[in-house]
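Structure, as structure tokens:
Per chain, numbering begins at 1; letters A, B, ... match sequence-line order. What you see below is based on every heavy atom in this structure, not just the backbone, and it leaves out hydrogens, waters and symmetry mates.
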Amino acid sequence: MLYINCPHCGMRSQNEFSYGGDASVKRPELNKEVSDEEWDNFVYNRKSLRGKHLELWQHISGCRQWIKVERDTATHAIFRTFKADEEVA
Amino acid sequence: MQKYSIFNLVKNAFSNHENWDLAWKDPTPKEEYDVVIIGGGGHGLATAYYLAKEHNITNVAIIEKGWIGGGNVGRNTTIIRSNYMHDENGLFSEFGMDLWRKMSQDLNYNVMFSPRGIINLAHSDAQMNAYARRGNSMRLNGIDAVLLNREQVKEIIPMADFSENVRFPIFGGLMQPSAGTARHDAVAWGYARQADSMGVDIIQNCEVIGFDVSAGKIKGIRTSRGNIKAKKVGICVAGSTNILAEKLNMTLPIETHLLQACVSEPVKPVLDNVVTFGAGHFYVSQSDKGEMVMGGDLDGYNSYAQRGNLPTLQHVLTEGIAMMPFLSKLKMLRTWGGIMDMSMDGSPIIDKTHIDGLYLNCGWCYGGFKATPASGWTFAHTIAQDRVHELNAGYSLNRFSTGHLIDEKGLGTKTWIS
């Protein structure tokens with residue numbers, strides 16, 4: 001069982017969350033010509049790192065907020081969690 | 001190579017079976033190969049075998065970080081089927097079914113292929129309609145498919161829950177009678193033994209650290225056991241695809257995820273077929289030892305851990321018990337996890353890359369085991385001829401940018417879409 005420290009609600013079990021994938025992916029800017037390659041990278045292509053991975057989770061059975069979680073994909077250890085709009089250094 | 005036969009069995013009995021040849025050698029890597037296959041799993045071993053057998057290319061090495069057959073070919077639920085609707089998947093998998101039927105003879109190794117049939121259960125009228133459509137598409141591609149009504153399903157699997165007031169009543173099912181199971185380790189060992197006998201070097205405990213690429217062409221690989229030059233390199237590493245792609249500065253439409261499976265304690269024969277639950281993701285078959293072999297959903301987050309968490313297992317087995325209540329009486333014997341190369345449309349990739357002489361085989365999602373022979377055969381063709389075969393033409397790497405996705409179920413890494 002993973003325990004995720006929701007920045008809004010505190011420590012909760014993984015059962016309350018749903019996964020949203022790589023948080024480092026940026027949507028191409030609006031009102032500007034977007035190339036197929038940029039669109040591809042946003043929609044499909046992922047690094048899927050082994051080790052530290054910054055990812056989105058939604059506290060779907062809690063506050064329903066999207067949050068960022070820094071987790072190790074090899075050990076499942078969770079290092080830090082952030083609010084969705086927090087910049088991660 | 002010593003042939004495995006009743007005569008050799010008797011002959012070796014006189015020397016207490018102490019003088020059998022080794023099934024494969026443990027060679028030191030040569031300086032250069034015509035083809036290097038990275039990954040000694042089922043697909044890699046099959047690729048090397050078909051390179052030697054079909055294309056006469058025997059100066060081949062298989063580079064494996066751990067031991068052969070230690071990854072997903074050693075940790076799957078052994079289901080073999082070709083019950084796909086889309087032409088690309090159906091024709092590819094049905095070609096594989098032919099190879100499965102001949103495999104034990106072809107490899108001189110009993111892979112215990114057991115065509116016991118697979119039944120996908122339907123739990124609504126809409127699902128029956130969808131299965132009728134899929135069954136028709138399968139039959140148009142020469143694949144056997146039978147649409148079963150509730151009574152017919154009940155005759156085959158009376159132990160499923162046919163009571164009146166269940167949340168997901170069984171309306172019927174789609175059956176592929178020629179589908180089945182096989183002994184997974186035997187597949188890896190059979191391919192390894194034959195490939196080795198034709199001159200392929202199987203190099204284990206050898207990790208790929210990097211690639212030598214110059215002027216857009218592959219020159220060789222760097223490994224923990226030294227540099228190896230190669231005219232062509234095939235990557236066939238399933239859940240580790242993204243790790244190697246990073247070394248090549250490639251970003252792929254692949255995420256690595258965790259998939260669990262489990263077996264119960266062995267019981268007397270109760271289930272003749274492979275059965276899947278249609279209102280979720282759960283499948284079950286009974287092994288020759290009597291264990292119920294069960295699996296289902298991904299854990300749902302990126303992972304390289306090869307071990308899973310209990311919430312997913314609980315979720316999957318809840319579906320199992322809804323389908324066949326007697327499963328709740330069984331004790332769990334083992335659970336295990338493997339890492340899956342989940343492609344974004346749920347279909348695989350067997351293609352050339354932007355680097356000359358570098359080939360990619362990945363994206364097998366839940367269904368890598370059944371694809372082993374067809375994947376090896378078409379990957380060998382793609383490498384040997386430097387062009388894709390018509391069977392794997394649809395499994396292109398650029399289909400995500402051109403929009404030619406093969407969305408059989410349209411799931412990919414996003415299991416919650418279903």
Side-chain angles (χ1 to χ4, degrees), chain A residues 1-6 11-28 34-62 64 66-81, chain B residues 237-258 297-315 337 339-346 349 354 362-363 397-405 407 412-417:
Chain A
M1 179 81 81
L2 301 179
Y3 286 96
I4 300 172
N5 190 10
C6 173
M11 196 66 89
R12 300 296 176 90
S13 90
Q14 75 179 86
N15 293 337
E16 295 187 15
F17 295 84
S18 77
Y19 183 67
D22 191 339
S24 67
V25 177
K26 289 263 188 299
R27 192 183 200 283
V34 180
S35 70
D36 286 355
E37 198 187 337
E38 283 174 279
W39 200 244
D40 241 20
N41 284 334
F42 169 62
V43 180
Y44 297 118
N45 294 336
R46 296 291 180 270
K47 287 210 168 70
S48 193
L49 304 171
R50 185 180 199 277
K52 254 185 200 177
H53 189 239
L54 189 69
E55 54 204 21
L56 291 167
W57 289 75
Q58 189 186 12
H59 195 180
I60 192 107
S61 305
R64 299 191 66 81
W66 283 94
I67 61 168
K68 288 179 192 163
V69 176
E70 189 183 52
R71 187 180 60 95
D72 192 310
T73 56
T75 64
H76 294 172
I78 292 172
F79 306 108
R80 297 181 294 173
T81 55
Chain B
V237 294
S240 301
T241 304
N242 285 299
I243 298 175
L244 289 187
E246 200 191 355
K247 297 181 200 300
L248 288 157
N249 285 324
M250 286 169 79
T251 320
L252 298 173
I254 299 265
E255 270 183 15
T256 300
H257 279 255
L258 176 59
D297 271 325
L298 296 176
D299 270 40
Y301 43 82
N302 292 42
S303 174
Y304 286 88
Q306 287 190 317
R307 63 179 183 279
N309 270 324
L310 286 175
T312 305
L313 215 48
Q314 186 178 29
H315 168 75
I339 51 174
M340 308 294 120
D341 34 339
M342 300 302 294
S343 71
M344 293 294 164
D345 62 355
I349 295 162
H354 68 286
C362 62
L397 180 55
N398 73 353
R399 69 175 182 268
F400 299 90
S401 29
T402 61
H404 294 86
L405 303 188
D407 52 345
T413 61
K414 310 282 193 295
T415 51
W416 40 264
I417 287 175

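In this structure, B:Leu298 and A:Tyr19 have side chains that are not in contact, with every pair of non-hydrogen atoms separated by 4.5 Å or more. Side-chain atoms of B:Tyr304 and A:Ser48, non-hydrogen and from C-beta on, do get closer than 4.5 Å to each other. No side-chain heavy atom of B:Met344 sits under 4.5 Å from any side-chain heavy atom of A:Val43.
A distance of 11.0 Å separates OG in B:Ser303 from NE2 in A:His53, rounded to the nearest 0.5 Å. Distance check, rounded to the nearest 0.5 Å: OG of B:Ser401 to CH2 of A:Trp39 gives 14.0 Å.
The neighbour count for B:Glu246 CD, taken as heavy atoms of other residues, nucleotides or ligands under 6.0 Å away, does not exceed 12.
Listed by sequence position, B:Arg307, B:Asn309, B:Pro311 are the residues of residues 306-314 of chain B in contact with chain A, using a 4.5 angstrom heavy-atom cutoff.
Only the side chain of A:Trp57 comes within less than 4.5 Å of a heavy atom in chain B; its backbone stays farther off. For B:Glu255, the parts sitting under 4.5 Å from any heavy atom of chain A are the backbone and the side chain alike. With a threshold of 4.5 angstrom between heavy atoms, B:Ile339 does not approach chain A through any atom at all. Only the backbone of B:Ile254 comes within contact range of chain A, judged by heavy atoms closer than 4.5 Å.
In this structure a side-chain-to-backbone donor-acceptor pair under 3.5 Å is missing from A:Arg46 to B:Asn242.
When all heavy atoms of A:Arg50 and B:Ile243 are compared, the closest pair comes out as CD-CD1, 3.5 Å.
In terms of non-hydrogen atom pairs under 4.5 Å with chain B, the most contact-rich of A:Asp72, A:Leu49, A:Asn45 is A:Asn45.
Using the six-membered ring where Trp is involved, B:Tyr301 and A:His76 have ring planes that are perpendicular, over 60° apart on the 30 and 60° scheme.
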